[in-house]
S.K.: 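To start, I am sharing the structure in question, which I have written as structure tokens.
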Amino acid sequence: MGSVAAALRDLGHEVSGSDSNAYPPMSTFLEDKGIRIHEGFRAGNLPLDDGATVVVGNAISRGNEELEAVLDARLLYTSLPEVLKTQFLRGKHNMVVTGTHGKTTTSAMLAWVLKNAGRDPSWMIGGIPADLGRGCYLGGRELFVLEGDEYDTAFFDKRSKFVHYLPESVIVNNVEFDHADIFDDLDAIKLSFRRMLNIVPRNGVVFINGDCMNSVEVAQACPAPVVTVGMSEDCQMRISEVALQPEGSSFSLDGQRYEIYQVGEFNVRNAAMAACAAAFQGVAADQIRDGLANFQGVARRQQLRGEVRGIHVIDDFAHHPTAIRGALAAVRQRFPDARIWALFEPRSNTTRRSILQAELTEALSAADRVAIGAVNRADLLPDAERLDTDRVVADLVAGGTGAFHGKEVDAIVEHVVSEARQGDVIVVLSNGAFGGIHGKLLEALDCVRV
């Protein structure tokens with residue numbers, strides 16, 4: 001929503017918006033664009049102009065005061081994906097990056113490689129890439145890179161957002177169960193991916209993770225050409241000779257050697273997908289190599305927030321067990337001799353629930369110490385469906401991992417600071433602000449006298 005708001009502002013529209021919890025980096029980015037953000041949802045936030053269009057985000061449901069005012073006044077309203085489709089995507093070659101994990105980083109990598117090669121793409125990415133400076137940009141008329149989310153479109157359109165994006169080149173990084181508030185099971189997610197792939201034209205292309213059987217399955221009936229990318233021997237574009245070092249990663253693909261600043265096998269896969277998609281657009285291997293080597297990453301993806309007394313605090317958006325596992329492996333690669341803390345906030349609509357509790361426990365066990373925050377909006381979930389944080393802690397301790405459950409952020413900070421020592425790495429894992437825990441940790445660590 002933030003990226004689209006900024007893009008509409010760039011087109012000359014007057015834009016304002018409402019949110020219940022706007023936080024950096026997106027909130028400051030929008031403020032810099034001159035976009036007013038109303039805290040909370042109220043009828044008074046709506047524009048008085050009868051010609052205004054209200055874009056309703058997919059987190060908004062009936063009963064929301066502002067939405068009810070829109071319906072009562074018969075204002076023109078639409079969804080975010082439809083705004084993208086009608087205002088920005090028609091007539092362009094749309095490169096849609098999808099998958100349960102890695103969408104933001106892969107989209108940013110691809111957009112940067114194309115830009116670095118002089119192709120002037122447009123992009124719409126759900127994050128702030130360091131190289132690109134913003135999550136949205138309206139560039140040339142040819143290419144548009146989009147992060148394609150499988151989440152639903154709006155309260156009045158329950159299709160996945162990516163089916164609106166007129167996809168012509170598609171990346172499917174992986175397909176797993178997520179968004180437990182929207183999808184009943186993995187089969188429902190697969191169906192959504194199949195629907196999206198069914199509208200890719202025959203002169204387009206689909207790059208899928210050939211090592212992910214769910215990705216292979218959803219692409220079986222795709223009318224467009226499908227190219228498998230992965231580490232298995234039967235992948236058409238095989239990733240090989242992978243080297244994971246503390247300072248970065250390198251790999252070979254289609255006879256070419258690439259290096260990236262990012263750590264972790266998942267980032268190697270992200271880079272390989274970006275390389276394949278860029279090559280399909282005619283970008284030369286040396287230009288792809290240069291772009292990937294200079295890519296600096298995305299805010300909140302393995303982002304170092306600060307270092308105090310030899311203790312590093314890293315921010316990561318990971319919130320699904322698979323993403324947490326990959327994030328912790330990447331930190332272990334970057335800091336091989338460190339004691340690693342994982343501070344996790346159960347905030348997403350999947351990890352707030354118990355459905356992946358065993359997988360979450362296993363993923364967090366990759367850390368040496370774990371602290372778990374309170375389940376976000378816990379009162380909205382029945383006891384039987386809610387993540388049992390005490391059980392997760394008990395299972396971690398039983399498996400040999402020190403673990404702690406803090407109902408308040410300040411309690412977690414106090415616990416971590418009391419036990420942290422020089423050389424530790426503290427990884428904050430959340431798709432939200434986690435009560436500003438990053439800054440609180442750094443401040444508290446700085447105040448400790450040793």
S.K.: Go through the steps to decide whether Leu441 and Arg305 satisfy the test side-chain contact (heavy atoms from CB on, under 4.5 Å), and finish with yes or no.
M.R.: CA-CA 10 Å; Leu441 275 169; Arg305 293 290 296 268; over 6 Å; no
S.K.: Enter the distance from Ile426:CD1 to Arg369:CZ here, rounded to the nearest 0.5 Å.
M.R.: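 So the gap between those two atoms works out to 12.0 Å.
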S.K.: May I ask you to check whether over 12 heavy atoms, not counting those of Lys407, lie within 6.0 Å of atom NZ?
M.R.: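 Counting neighbours around NZ of Lys407, 12 or fewer heavy atoms of other residues, nucleotides or ligands fall under 6.0 Å, so no.
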S.K.: Would you check if Val427 and Trp341 make a side-chain contact, meaning some heavy-atom pair closer than 4.5 Å?
M.R.: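 No, too far: nothing below the 4.5 Å cut-off.
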S.K.: What are the two closest non-hydrogen atoms of Leu132 and Ala108, and how far apart are they?
M.R.: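 Minimum heavy-atom separation between Leu132 and Ala108: CD1-O, 4.1 Å.
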S.K.: Regarding Asp10 and Lys33, does a basic nitrogen lie under 4.0 Å from an acidic carboxylate oxygen?
M.R.: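 Salt bridge between Asp10 and Lys33, a charged N being under 4.0 Å from a carboxylate O: yes.
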S.K.: Are Arg42 and Glu66 ion-paired here, with the side-chain N under 4.0 Å from a carboxylate O?
M.R.: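 No, this pair does not count.
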S.K.: Indicate yes or no for a side-chain donor-acceptor contact from Asn214 to the backbone of Val175 under 3.5 Å, with no hydrogens or angles considered.
M.R.: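 Yes; judged by distance alone, with no hydrogens or angles, the pair exists.
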S.K.: Going by heavy atoms in the side chains, are Leu80 and Thr153 under 4.5 Å from each other?
M.R.: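 They are not in contact (no side-chain heavy atoms under 4.5 Å apart), so the answer is no.
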S.K.: Are Glu217 and Lys190 within salt-bridge range, i.e. N to O under 4.0 Å?
M.R.: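 Here Glu217 pairs with Lys190 in a salt bridge, since their nearest N and O are under 4.0 Å apart.
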S.K.: For Pro24, does its backbone N or O pair with a side-chain atom of Thr28 as donor and acceptor, under 3.5 Å?
M.R.: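 No: the side chain of Thr28 does not pair with the backbone of Pro24.
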S.K.: Met109 and Gln262: side-chain contact (heavy atoms from CB on, under 4.5 Å), yes or no, with the steps?
M.R.: CA-CA 11 Å; Met109 282 180 167; Gln262 290 68 42; 3.8 Å; yes
S.K.: Any side-chain donor-acceptor pair under 3.5 Å between His164 and Asp157?
M.R.: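 A pair is found: one side chain offers a donor N or O, the other an acceptor, under 3.5 Å apart.
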S.K.: Check the pair Leu396 / Ser365 against side-chain contact (heavy atoms from CB on, under 4.5 Å), numbers first and verdict last.
M.R.: CA-CA 6 Å; Leu396 285 168; Ser365 70; 3.9 Å; yes
S.K.: Are side-chain heavy atoms of Thr98 and Met196 found at a separation under 4.5 Å?
M.R.: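 In contact.
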S.K.: So, do Phe29 and Ile128 sit near enough that their side-chain heavy atoms are less than 4.5 Å apart?
M.R.: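 Counting from C-beta outward, Phe29 and Ile128 do come under 4.5 Å.
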S.K.: Do you know which two heavy atoms are closest between Arg352 and Asn376, and how far apart they sit?
M.R.: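 So the minimum-distance heavy-atom pair works out to NE-O, 2.6 Å.
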S.K.: List the steps, then state whether side-chain hydrogen bond (donor to acceptor under 3.5 Å, both in side chains) holds for Glu345 with Ser430.
M.R.: CA-CA 5 Å; Glu345 180 185 28; Ser430 173; 2.4 Å; yes
S.K.: Under a plain distance cut-off of 3.5 Å, with no hydrogens placed, do Gln303 and Asp315 share a side-chain donor-acceptor pair?
M.R.: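 The criterion, which ignores hydrogens and geometry beyond distance, is not satisfied for Gln303 and Asp315.
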S.K.: How many angstroms lie between atom CG of Leu197 and atom CZ of Phe162, to the nearest 0.5 angstrom?
M.R.: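 Spacing of CG (Leu197) from CZ (Phe162) equals 7.5 Å.
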S.K.: Quick test of your reading of the model: are Arg269 and Asp211 salt-bridged, counting only N-O distances below 4.0 Å?
M.R.: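 Here Arg269 pairs with Asp211 in a salt bridge, since their nearest N and O are under 4.0 Å apart.
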S.K.: So, does Glu68 use its side chain to make a donor-acceptor pair with the main chain of Gly63 at under 3.5 Å?
M.R.: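 Between the backbone of Gly63 and the side chain of Glu68 there is a qualifying donor-acceptor contact (under 3.5 Å).
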S.K.: Can a donor-acceptor pair be found between the side chains of Arg195 and Ser160 at a distance below 3.5 Å?
M.R.: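 There is no such pair between these side chains.
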S.K.: Could you tell me whether Trp112 and Phe295 have their ring centroids closer than 6.0 angstrom?
M.R.: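 Not close enough - the centres of the two rings lie 6.0 Å or further apart.
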S.K.: Any side-chain donor-acceptor pair under 3.5 Å between Ser192 and Glu150?
M.R.: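 On atom types as modelled, these side chains do not qualify, holding no pair under 3.5 Å.
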S.K.: Between Glu362 and Arg325, is the salt bridge (charged side-chain N to carboxylate O under 4.0 Å, His left out) condition met? List the steps.
M.R.: CA-CA 8 Å; Glu362 187 274 331; Arg325 191 181 302 113; 2.8 Å; yes
S.K.: Please give me the minimum heavy-atom distance between Cys276 and Val229, naming the atom from each residue.
M.R.: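 Heavy atoms only, the tightest pair is SG-CG2, 3.8 Å.
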S.K.: Looking only at side chains, do Thr106 and Asn270 share a donor and an acceptor under 3.5 Å apart?
M.R.: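 Yes, a side-chain donor-acceptor pair sits under 3.5 Å.
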S.K.: Can a salt bridge be assigned to the pair Asp368 and Arg339 using a cut-off of 4.0 Å between side-chain N and carboxylate O?
M.R.: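 Answer for the salt bridge query: no.
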S.K.: Determine the minimum heavy-atom distance between Val113 and Ala278, stating which atoms define it.
M.R.: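 Reported closest heavy-atom pair: CG1-CB, 3.8 Å.
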S.K.: Starting at CG of Leu84, measure out to CZ of Phe144 and round the result to the nearest 0.5 Å.
M.R.: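 Leu84 atom CG to Phe144 atom CZ measures 6.5 Å (nearest 0.5 Å).
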S.K.: Hey, what do you get for CZ (Arg334) to CG (Leu304), rounding to the nearest 0.5 Å?
M.R.: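 So the CZ of Arg334 and the CG of Leu304 are separated by 6.0 Å.
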S.K.: Which heavy-atom pair separates Asn45 from Ser18 by the least distance, and what is that distance?
M.R.: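 For Asn45 versus Ser18, the nearest heavy atoms are ND2-OG, 3.1 Å.
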S.K.: If I take atom CG from residue Asn349 and atom CD1 from residue Ile355, how far apart are they, to the nearest 0.5 angstrom?
M.R.: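 Rounded to the nearest 0.5 Å, the CG-CD1 separation comes to 12.0 Å.
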S.K.: Taking the side chain as C-beta and beyond, is there a heavy-atom pair between Ser20 and Phe41 under 4.5 Å?
M.R.: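 A side-chain contact under 4.5 Å exists here.
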S.K.: Should we count CD of Glu39 as having more than 12 external heavy atoms under 6.0 Å?
M.R.: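 Count over threshold, so yes.
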S.K.: Please tell me if the side chains of Ser169 and Val96 come closer than 4.5 Å, counting only heavy atoms from C-beta onward.
M.R.: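 SC-SC contact between Ser169 and Val96 ruled out.
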S.K.: Are side-chain N/O atoms of Asp178 and Thr350 paired as donor and acceptor at under 3.5 Å?
M.R.: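 Result is yes, a qualifying pair exists.
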S.K.: Hey, are Arg386 and Asp379 close enough for a salt bridge, meaning a charged N less than 4.0 Å from a carboxylate O?
M.R.: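 The answer is no: the pair does not qualify as a salt bridge.
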S.K.: Decide side-chain hydrogen bond (donor to acceptor under 3.5 Å, both in side chains) for Tyr151 and Asp181; before the verdict, give the C-alpha distance in whole Å, the side-chain angles of both, and the deciding distance to 0.1 Å.
M.R.: CA-CA 10 Å; Tyr151 210 73; Asp181 56 322; 2.3 Å; yes
S.K.: Are Asp152 and Lys161 side-chain neighbours, meaning at least one heavy-atom pair lies under 4.5 Å?
M.R.: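 Contact flag for Asp152/Lys161 side chains = no.
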S.K.: Under the side-chain contact (heavy atoms from CB on, under 4.5 Å) test against Leu146, which residue among Leu166, Asn94, Leu110 passes?
M.R.: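 Going through the options one by one, the only one that passes is Asn94.
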S.K.: Assess Arg300 against Phe317: is NZ or CZ under 6.0 Å from the centre of the six-membered ring, and within 45 degrees of the ring's axis?
M.R.: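 Cation-pi check for Arg300 and Phe317: fails.
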S.K.: State whether Asp410 and Lys440 are salt-bridged, where the test is any N-O pair (Lys NZ or Arg NE/NH1/NH2 against Asp/Glu carboxylate O) under 4.0 Å.
M.R.: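 Lys440 and Asp410: salt-bridged.
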S.K.: Do Phe335 and His312 make the cut of ring centroids closer than 6.0 angstrom?
M.R.: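 When the ring centroids of Phe335 and His312 are compared, they turn out to be within the sub-6.0 Å range.
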S.K.: Donor-acceptor pairs under 3.5 Å, side chain of residues 411-421 to any protein atom, not counting sequence neighbours: which ones?
M.R.:
{"residue": "Ser418", "atom": "OG", "partner": "Glu414", "partner atom": "O", "Å": "3.3"}
{"residue": "Ser418", "atom": "OG", "partner": "His415", "partner atom": "O", "Å": "2.7"}

S.K.: Can you tell me how the ring of Phe156 sits relative to the ring of Tyr77, calling it parallel under 30°, perpendicular over 60° and tilted otherwise?
M.R.: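 Ring orientation, 0 to 90° scale: perpendicular.
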S.K.: Can you measure from OG (Ser348) to NE2 (His319) and round to the nearest 0.5 angstrom?
M.R.: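 Between Ser348 OG and His319 NE2, I get 5.0 Å after rounding to 0.5 Å.
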S.K.: Side chains of Asn267 and Tyr261: is there a donor and an acceptor less than 3.5 Å apart?
M.R.: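 No, no side-chain donor-acceptor contact under 3.5 Å.
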S.K.: Closest heavy-atom contact between Ala342 and Leu429?
M.R.: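 It is CB-CD1, 4.0 Å.
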S.K.: Whether Glu168 and Lys92 form a salt bridge (side-chain N of Lys/Arg under 4.0 Å from carboxylate O of Asp/Glu) is what I want to check.
M.R.: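 No salt bridge links Lys92 with Glu168.
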S.K.: Do His405 and Asp390 have side chains that approach each other closer than 4.5 Å (heavy atoms only, starting at C-beta)?
M.R.: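 The answer is yes, as the side chains (C-beta and beyond) meet within the 4.5 Å cut-off.
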S.K.: Do Arg36 and His38 pass the side-chain contact (heavy atoms from CB on, under 4.5 Å) test, and can you show the C-alpha distance, the side-chain angles, and the key distance before you say yes or no?
M.R.: CA-CA 6 Å; Arg36 183 181 179 187; His38 299 280; 3.4 Å; yes
